[in-house]
Amino acid sequence: MATKLRQIIRAPLTCLHLYLAVSFPPVGPTSQRDDGDTSDIRWFPRCALNTLLGMLLRMSTLLLKTLREEPADAEVPSHRLLLRAGYIRRAAPGGYTWLPLGKLVLDRVTAVVREEMTAIGGQEVSFPALLPREPYELSNRWTEYGDDIFRLRDRRGGEYLLAPTHEEMFTLLVQDMTSSYRDFPRLLFQVQTKYRDEARPRAGLLRGREFLMKDAYSFTLTDLELVTVYATVRASYQRIFDRLGLDHTIVAAVSGAMGGSASEEFLAASEVGEDTFVGCTTCSYAANTEAVITPAPVVVSAAAAPLAVHDTPATPTIAALVDLANERSLDGRTDWTAADTLKNVVVTVQQPGGEEELLVIGVPGDREVDLKRLDAALAPATATLFDDFASRPDLVKGYIGPQGLKARYLADPRVAPGTAWLTGANEAGKHATNVVAGRDFTPDGTIEAAEVRAGDPCPSCGEGTLTIRRGIEIAHVFQLGRKYTDAFKVDVLGVDGKPVRPTMGSYGIGVSRAVAAIAEQHHDERGLLWPDEVAPADVHVVAAGKDGQVEAALELARQLVAAGLRVLVDDRPQLSAGVKFTDAELIGVARSVVVGRRLAEGLVEFRDRRTGERSELPITDVLRVITGALG
RNA sequence: CGGGUUGUGGCGCAGCUUGGUCAGCGCGCUCGCUUCGGGAGCGAGAGGCCGCCGGUUCGAAUCCGGCCAACCCGACCA
């Protein structure tokens, strides 16, 4: 009977992590499926260095329910399929339960990350997710991070947060445990649940309010060392994502709320991604649109005509202005286009502390202001469109020009000194031509706020043009610098006996998001199709028949397990073969073995879902074929 | 936070306009028999405070008000 404790399995000593696993009999009525031998429900993850341990998952007892119908509230493929195939369930707004199959995949992804981080000398630690306010107060992020932090109070009124990232804690740990240059360099990481009070969680695992993240931080004494470690981690990440089967692009990025420089993101190409990035048609340049630098134009004509004001009634929009300019042959020209005009957009800039300032942004009239790029340029401050023109009679909506403006003015790099523009005259119904930058007005600086378009010149090589794609941000690496070591005044003794302040690198991987990204890149109309490295099992054995097929499938599965394979076996009674085939395709283990109608002749069918290949082979050859296929 | 859509057994939905044998359908689940290689057939069942609160009414899933939640678009966001 199945009430006894299962045998305890000890992982080999070669494993970094020793897993003890005990499984219990399924709760509830078991009499019908209890075949008297459940001792093989061994349920444990393969250890980090894997191979020697097999695993047997019996679908007859697995906590799994596939859904035939599409869940109504799931939109993107990863969300739909992970729900349908029984990997996750929604448990809270922006929070998901990992079911057994999903947990296996998550753990495999984590294992790959852990192996690669360890391989470059990373050491794993783990901080609480629940942290007191003070460290975040000292780094100013209690304020800077704004509404995205989950904040809470304990019974005595003490203030806490659920950590959105752990820079402060890593820095404090290093401060606590190091005192000499001999303690450096350091690379520390953790795999932790992070919390962000996202205004709008969406797309299942892709943007949750609770998610699993691997965050790593390097501590070095010189900027040069930081560059070296950065390159090492970057290369490690490329290996990680290659192993995970994620088609990714490394793009130049902005570092956002973290602070820092030399920032790059790893984006997994996907139509459902929330990040837009550009690539160059000729060189290797790639960047998040937020980080695209606009090349300043070469100004040819130095001698421009003097500024001239024209009556331009009823032209509050660029389109109306251009039409009228051509109708009236302003300055004798009839070839005016939107690109000749200078559009001036008023925004309110809000600092994290709450102070507000009015700012006017000047961009060529044929381009919109990209609010994401604007915010990235202003970070950590944020901007909103200004619309209270009644309070500022000096700002004439639709007729604003940069000349004589009584507000801070930042211009697009295309508004270079010497360029002449058709723009507002700061008077209702009037515009001015030949408004020359550097002569008639001088911006307080430049800003990258104009939209980026496919076909724009490449800022790197200057020859190619930009193409635009969408991607899922699966990792972000950047040279953080001394923001946090300064905040906490971390100093260690250098070789010369004088204090040295370490500099930091920050390297994050969205682990749970990576699972979703893999699902986005590896599925078809029939279901998921996991890369081998992260699949919940190496092989899916399907018992298709009731003439001993279930017993034979289980026996085969045990042999495969004994050889170190992780096996998912569909031993569910009473189900037709069709149901099992469909489920197998939905669940997405690439290789399956069907123990079916030709069992009596000792033959089973081997299927490769990626290639569509099917072949019959003696049941005794299965192990050889599978191990061969797995490489 | 703005706009939109939607809340009815585990899942997917109908019913609401026109209040009254409407609490229904499909899937799933339980039991029996048959079936057994592509989400089987027949029969018999279990399962729902119709998101929540209040109002109108003789009577509310249905009409009205408020609230909550989910999803989508935007804003925001390692």
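Computed over heavy atoms, backbone and side chain alike; hydrogens, waters and symmetry mates excluded.
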Assess whether one donor atom and one acceptor atom, taken from the side chain of [X] and the base of [N], lie less than 3.5 Å apart.
| X | N | result |
| --- | --- | --- |
| R614(A) | G38(B) | yes |
| E69(A) | G28(B) | no |
| E70(A) | G12(B) | no |
| R202(A) | C72(B) | no |
| R80(A) | G12(B) | no |
| R84(A) | G12(B) | no |

Just to be sure I understand the rule, does [X] reach a base, reach only the sugar-phosphate, or reach nothing, if contact means heavy atoms closer than 4.0 Å?
| X | answer |
| --- | --- |
| K580(A) | nothing |
| A475(A) | base |
| A203(A) | sugar-phosphate |
| I509(A) | base |
| R607(A) | base |

With rounding to the closest Å, how many angstrom separate the [atom1] atoms on [N] and [M]?
| N | M | atom1 | result |
| --- | --- | --- | --- |
| U21(B) | G66(B) | C1' | 33 Å |
| C52(B) | G45(B) | C1' | 32 Å |
| C64(B) | C71(B) | P | 26 Å |
| G37(B) | G41(B) | P | 15 Å |
| C36(B) | C42(B) | C1' | 16 Å |
| G10(B) | G51(B) | P | 13 Å |
| G59(B) | G19(B) | P | 15 Å |
| G43(B) | G48(B) | C1' | 24 Å |

### Query
If you pin G596(A) and G510(A) to their nearest nucleotides in RNA chain B, which one's is more 5'?
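In this pair, the answer is G596(A).
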### Query
Nearest nucleotide by nearest heavy atom, which residue falls closer to the 5' end of RNA chain B, I474(A) or V579(A)?
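In this pair, the answer is V579(A).
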#### Entry: Qualifying residues under ring-ring contact (aromatic ring centres under 6.0 Å, His included), relative to F277(A), sequence neighbours excluded
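By the ring-ring contact (aromatic ring centres under 6.0 Å, His included) rule, F277(A) matches no residue at all.
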Atom-pair distance ([atom1] on [X]; [atom2] on [N]), nearest Å:
| X | N | atom1 | atom2 | result |
| --- | --- | --- | --- | --- |
| R609(A) | G38(B) | CZ | C1' | 14 Å |
| I587(A) | G39(B) | CD1 | P | 17 Å |
| R572(A) | G28(B) | CZ | C1' | 13 Å |
| D275(A) | C76(B) | CG | P | 14 Å |
| L205(A) | A78(B) | CG | P | 20 Å |
| L206(A) | A78(B) | CG | P | 17 Å |
| D583(A) | G39(B) | CG | P | 13 Å |
| L603(A) | G37(B) | CG | P | 16 Å |

### Task
Name the closest nucleotide to the T66(A) side chain, picking from G39(B), C29(B), G37(B).
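Closest of the options to the side chain of T66(A): G39(B).
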#### Entry: Out of G38(B), C77(B), C29(B), whichever nucleotide has its closest atom nearest the side chain of E585(A)
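Closest of the options to the side chain of E585(A): G38(B).
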#### Entry: Note: D524(A)-R609(A) ion pair, threshold 4.0 Å (strictly below)
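Judged by the 4.0 Å cut-off on N to carboxylate O distance, D524(A) and R609(A) do form a salt bridge.
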### Query
Atom CE of M117(A) and atom CZ of R114(A): how far apart are they, to the nearest 0.5 Å?
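Rounded to the nearest 0.5 Å, the CE-CZ separation comes out at 11.5 Å.
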With ring centroids as reference points, do [X] and [Y] lie under 6.0 angstrom apart?
| X | Y | value |
| --- | --- | --- |
| Y484(A) | H166(A) | no |
| F170(A) | F127(A) | yes |
| F266(A) | Y237(A) | yes |

Under a 3.5 Å cut-off for both distances, is [N] Watson-Crick or wobble paired, and to whom?
| N | result |
| --- | --- |
| C36(B) | none |
| C29(B) | G45(B) |
| C16(B) | none |
| C71(B) | G4(B) |
| G9(B) | none |

### Task
Among E448(A), E290(A), E451(A), find the residue that satisfies the side chain to side chain donor-acceptor pair (under 3.5 Å) test when tested with R373(A).
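Only one of E448(A), E290(A), E451(A) forms a side chain to side chain donor-acceptor pair (under 3.5 Å) with R373(A), namely E448(A).
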### Message
For the residue pair R607(A) and F581(A), would you count it as a cation-pi contact if the rule is NZ or CZ under 6.0 angstrom from the ring centre and within 45 degrees of the ring axis?
### Response
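Checked: cation-pi criterion met.
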### Message
Under 4.0 Å from OP1 or OP2 of A70(B): is there any side-chain N or O of R90(A) that close?
### Response
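Answer is yes, contact under 4.0 Å.
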### Task
Using a cut-off of strictly less than 4.0 Å, decide whether S576(A) has a side-chain nitrogen or oxygen near OP1 or OP2 of A40(B).
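S576(A) to A40(B) OP1/OP2: side-chain N or O found under 4.0 Å.
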